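Below, read A as the first sequence line, B as the second, and so on, with proteins coming before strands; counting in each chain starts at 1. The structure displayed is predicted, hence computed values, not measured ones. Note: hydrogens, waters and symmetry copies are ignored here, and every other heavy atom, side chains too, is used.
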Number of protein chains: 2
Amino acid sequence: MAPHSRDEAAAPGPDPDDPRLPATSWAVLGMLAFEQELSGYDIKKWADWSLKLFYWSPSFSQIYGELKRLERHGYVTSRTVMQDDVRGKRVYAITPTGREAVRTWARTAPVETPVLKHGVLLRVWLGHLTDPTRLREIVAEHRDNSERRRAEAAVDTQAAHNETAWAYPEIALKWAERYHAAERDLADQMLRDLDDLQASGRATAPMPLAAGSASAAGAGARVAGDEEG
Amino acid sequence: MAPHSRDEAAAPGPDPDDPRLPATSWAVLGMLAFEQELSGYDIKKWADWSLKLFYWSPSFSQIYGELKRLERHGYVTSRTVMQDDVRGKRVYAITPTGREAVRTWARTAPVETPVLKHGVLLRVWLGHLTDPTRLREIVAEHRDNSERRRAEAAVDTQAAHNETAWAYPEIALKWAERYHAAERDLADQMLRDLDDLQASGRATAPMPLAAGSASAAGAGARVAGDEEG
DNA sequence: CTGGAGTATTTCTATTAGAAACACACGCAG
DNA sequence: CTGCGTGTGTTTCTAATAGAAATACTCCAG
């Protein structure tokens with residue numbers, strides 16, 4: 001087995017510095033840092049509402065799991081509040097230790113590459129597999145979706161603007177608004193590129209199925225060119 | 001147990017339609033659709049080189065796993081080629097069935113939301129946890145990284161332009177070039193927003209640790225406001 | 001001949017996505 | 001009043017994914 005992995009169930013108390021928690025932990029702890037008791041359900045809804053515009057919303061399973069882990073670390077405490085006589089829910093609040101930890105993370109974590117997985121672009125990249133009309137439809141739909149998300153972000157930006165103390169979320173949401181506007185415009189430009197390709201007649205036959213496609217896969221794939229035994 | 005889950009080790013032959021494979025499977029199969037025998041290693045290198053600019057590059061473990069699954073489905077075949085007398089490698093080639101399957105996927109798969117996980121934005125959103133100078137540094141570093149990726153994409157776009165038959169990858173790479181340029185410009189705009197916030201004096205004290213932060217978490221968090229038992 | 005870089009693949013663990021199951025409350029249509 | 005859908009709130013399960021590391025062998029430089 002590994003030397004001791006990166007255990008975290010060892011001591012009951014909080015860790016000395018910040019243990020290397022995944023980004024989602026910090027996101028959850030960060031939400032709690034806005035001074036408010038929140039249940040797992042609250043966090044999920046809030047994330048869906050606003051965080052998802054620039055940071056993929058975590059699943060229920062993960063949120064509840066993270067909350068338990070954060071509690072083990074002493075970063076949050078929880079209590080059960082009753083809503084009617086039988087039903088209760090567990091709400092979490094950040095501790096001073098947790099606040100310190102999330103501050104340290106925000107200050108010192110390395111600047112990482114944003115994760116982007118753009119299915120539409122993958123399909124454009126593989127454009128020779130689809131007929132041009134359908135491909136155009138796909139990109140057009142993506143453009144419309146981007147505009148929809150832009151509008152959503154604009155509404156949320158307004159909402160944040162009206163609340164004092166939401167200065168930073170407002171800046172992030174403004175960024176999201178511009179980001180999704182850019183996505184929309186990028187889609188439009190790509191639509192034009194696609195049309196130009198059509199007009200130039202080089203489309204739909206990029207990879208002759210038989211015949212001399214020897215140098216086909218070009219630069220990236222030439223690696224497989226010197227084998228045979 | 002579930003009715004029959006979505007088994008895929010059932011029949012040895014290829015599936016009737018397209019079994020619901022994850023996106024990564026299609027990405028791998030799509031690369032093989034460029035007519036070329038490729039090893040797992042080749043695919044990884046190629047993905048790192050170009051796909052990662054718009055579609056997060058899969059890990060070795062996943063690529064090798066996907067190749068085995070694709071072979072079980074009859075979408076690819078493999079053979080071992082010798083490079084010297086002892087060392088060999090396994091290269092994969094797409095089958096007609098596989099080509100048909102990836103075509104069907106490209107044509108019919110729903111247009112899905114791109115996955116974005118932007119750590120930098122998360123930290124801006126939580127800006128009140130960091131001192132403004134450090135936050136500015138983080139965003140500035142992100143801007144520089146974006147410009148670097150933009151330049152990378154520009155080089156690759158050129159390379160694709162010179163190869164015939166790379167029309168669609170070229171369009172995708174052109175998109176990537178503009179995308180990362182947009183990211184760079186968005187970071188610059190956000191830097192200005194951050195400076196404005198500083199100038200207006202509303203920074204660093206958005207969340208009074210004590211005192212009347214009753215309505216603090218605002219719109220999204222008001223959910224926890226009507227409890228107590 | 002030792003060390004590092006590149007090729008090539010496998011194994012392991014932790015993180016993450018997503019669906020589903022469960023449980024209860026509330027309002028509304030039949 | 002009975003069932004049905006919707007919303008709250010949480011847990012459990014499976015599969016997908018990221019990332020590091022182990023293995024192993026080659027070639028080249030010092």
Residue list, ring-ring contact (aromatic ring centres under 6.0 Å, His included) with B/H118, at least two apart or on another chain
A/W175, B/H142
Can you check the B/K44 NZ to C/dT10 C1' distance for me, whole Å?
15 Å
Rounded interatomic separation in angstrom, taking CG from A/L116 and P from D/dT17:
15 Å
Looking only at side-chain atoms of A/Y41, point me to the closest of D/dG7, C/dT9, D/dT17.
D/dG7
Rounded to whole Å, please give me the gap between CG in B/L67 and P in C/dT9.
9 Å
Any side-chain N or O of A/K117 less than 4.0 Å from the OP1 or OP2 oxygen of D/dT17?
yes
Taking N or O atoms only and anything under 3.5 Å, show me the protein contacts with nucleotides 19-26 of chain D, one pair per line.
{"unit_1": "D/dG19", "atom_1": "O6", "unit_2": "B/S61", "atom_2": "OG", "d": "2.5"}

Does a side-chain N or O of A/K89 approach OP1 or OP2 of D/dT10 to a distance below 4.0 Å, or not?
no
Take the protein atom CD of A/E66 and the nucleotide atom C1' of C/dA14, then report the distance between them rounded to whole Å.
11 Å
Aromatic ring pairing B/F34/A/H128, orientation class (parallel under 30°, perpendicular over 60°, tilted between):
tilted
Checking A/K52 now: which residues fulfil side chain to side chain contact (heavy atoms under 4.5 Å, CB included) with it, not counting sequence neighbours?
A/S57, A/E152
Within the side chain of A/S78, is there an N or O that forms a donor-acceptor pair under 3.5 Å with the backbone of A/R90?
no
Does B/V115 or B/G88 map to a spot on DNA chain C nearer the 5' end, using the closest nucleotide for each?
B/G88
Any salt bridge between B/K174 and B/E177, counting N to O under 4.0 Å?
no
Check whether any side-chain N or O of B/R69 sits under 4.0 Å from OP1 or OP2 of D/dA16, and answer yes or no.
yes
Rounded to whole Å, please give me the gap between CH2 in A/W26 and C1' in C/dT16.
18 Å
Where do A/W56 and B/W56 land on the ring-ring contact (aromatic ring centres under 6.0 Å, His included) test, with the steps shown first?
CA-CA 14 Å; A/W56 200 249; B/W56 200 250; over 10 Å; no
Without decimals, in angstroms, what is the distance between B/W49 CH2 and C/dT7 P?
15 Å
Distance test, side-chain N/O of B/Y64 to OP1/OP2 of C/dT10, below 4.0 Å:
no
Residue among A/R149, A/R148, A/R150 satisfying side-chain contact (heavy atoms from CB on, under 4.5 Å) with A/S146:
A/R149
Check this one for me: any side-chain N or O of B/K45 less than 4.0 Å away from OP1 or OP2 of C/dG6?
no
Can you tell me the distance, in whole Å, between the CZ atom of B/R20 and the C1' atom of C/dG18?
14 Å
For the pair made of CD1 in B/I63 and P in C/dT11, what is the distance, rounded to whole Å?
17 Å
